[in-house]
Amino acid sequence: MAAGDTAFISELREPSAQKQAPPQAPASDRPAVRPEDHQYPAPASSVPLPRAEPVRPAHPEPKQAVVQTPIPVQHPGPDSHSSPVPQQQDPRPYVYALAKEGRFTDAALLAQAWETHTLQTLGTDSPHTTQWVEIRADLAKQEGNYVLATQLWISAGRTRLAHQSPDAPQVLTTAQSAHYCWTQITDTSKARECGPELVALLRALPSLDRRHLSVAQQRLEYLHNTPTGH
């Protein structure tokens, strides 16, 4: 691998080193998530999460100081006599708060629950569903699970590519995120498994810096010539 290509791999770390402020209300074309060491695109503007009825106890209980983590719940049945459904509180700050505390399993489970909820209510092609895939990918990266992070970024990239232009910033950044995570996989067999799908995604993006494709192809060729376990 050429020295220039080696340097380029190091440059892939640059997007992940950019600091951002703590999660706030989502801005246009970017989720209100806080990837402290990585940036990635988000679905369309000001994400309105699915409206859901908060779970209430049968009998009122004393107010507590502990803030409940919002989880997706189903709408009440037609026989319910409840008041109009309020807007569901944005769960993304809670997800990243769990990750910041090192509770990656809890954060991932909550994110996956919301992904399933948006999938069931808005469909596979919804940008909100893709957003949760990207949040799960970022959580996996933070935890150091680069295999899962790579797989999720590739999945999100293919979904975006199916509905957005190949030169859309969100598509390109998602592909860059997938490539970066793939370079961090140290297990030869697992990196080899993810490689072809990554290369296919990069090849479909002609406006992306071509060094991404050439470096990925070189590494994949190297992996195919490297015995498993090295």
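Side chains are part of it too, since the values below use all heavy atoms of this structure and drop only hydrogens, waters and symmetry mates.
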(request) Considering non-hydrogen atoms only, spot the tightest contact between Q170 and T174 and give its length. (result) O-OG1, 2.7 Å
(message) For a quick test of reading the model, state the closest non-hydrogen atom pair linking L139 to A107 and the distance between them.
(response) CD1-O, 3.8 Å
With a 4.5 Å heavy-atom cut-off, do [X] and [Y] have their side chains touching?
X    : Y    : result
V171 : P166 : no
I185 : T150 : yes
N145 : V147 : yes

(request) Kindly confirm or rule out a cation-pi arrangement of R136 over W114, judged by NZ or CZ under 6.0 Å from the six-membered ring centre and within 45° of its axis? (result) no
Is the backbone N or O of [Y] less than 3.5 Å from a side-chain atom of [X], with the two atoms forming a donor-acceptor pair by type?
X    : Y    : value
S126 : G123 : no
R158 : W153 : no
T116 : Q112 : yes

How long is the straight-line distance from [atom2] of [Y] back to [atom1] of [X], given to the nearest 0.5 Å?
X    : Y    : atom1 : atom2 : result
L223 : Q218 : CG    : CD    : 12.0 Å
R219 : Q217 : CZ    : CD    : 14.0 Å
L98  : T105 : CG    : OG1   : 10.5 Å
E134 : K141 : CD    : NZ    : 13.5 Å
Q184 : H179 : CD    : NE2   : 10.0 Å
L110 : Y94  : CG    : OH    : 10.5 Å

(message) Clusters formed by hydrophobic residues whose side-chain heavy atoms approach within less than 4.5 Å: which one holds L152, and what are its other members?
(response) V133, L148
(message) Quick check on side chain to side chain contact (heavy atoms under 4.5 Å, CB included): which of T118, L119, T159 does T124 satisfy it with?
(response) L119
Tabulate below the donor-acceptor pairs under 3.5 Å that side-chain atoms of residues 193-207 make, not counting sequence neighbours, or state none.
none

(message) Hydrogens and angles aside, do N225 and E221 bring a side-chain donor and acceptor to less than 3.5 Å of each other?
(response) no
(request) With sequence neighbours left out, write down each residue that passes salt bridge (Lys or Arg N to Asp or Glu O under 4.0 Å) with D167, or none if nothing qualifies. (result) none
(message) What verdict does the side chain to side chain contact (heavy atoms under 4.5 Å, CB included) test give for Y146 and K190, after you've listed the backbone C-alpha separation in whole Å, the side-chain angles of each residue and the deciding distance to 0.1 Å?
(response) CA-CA 10 Å; Y146 291 108; K190 292 181 179 179; over 6 Å; no
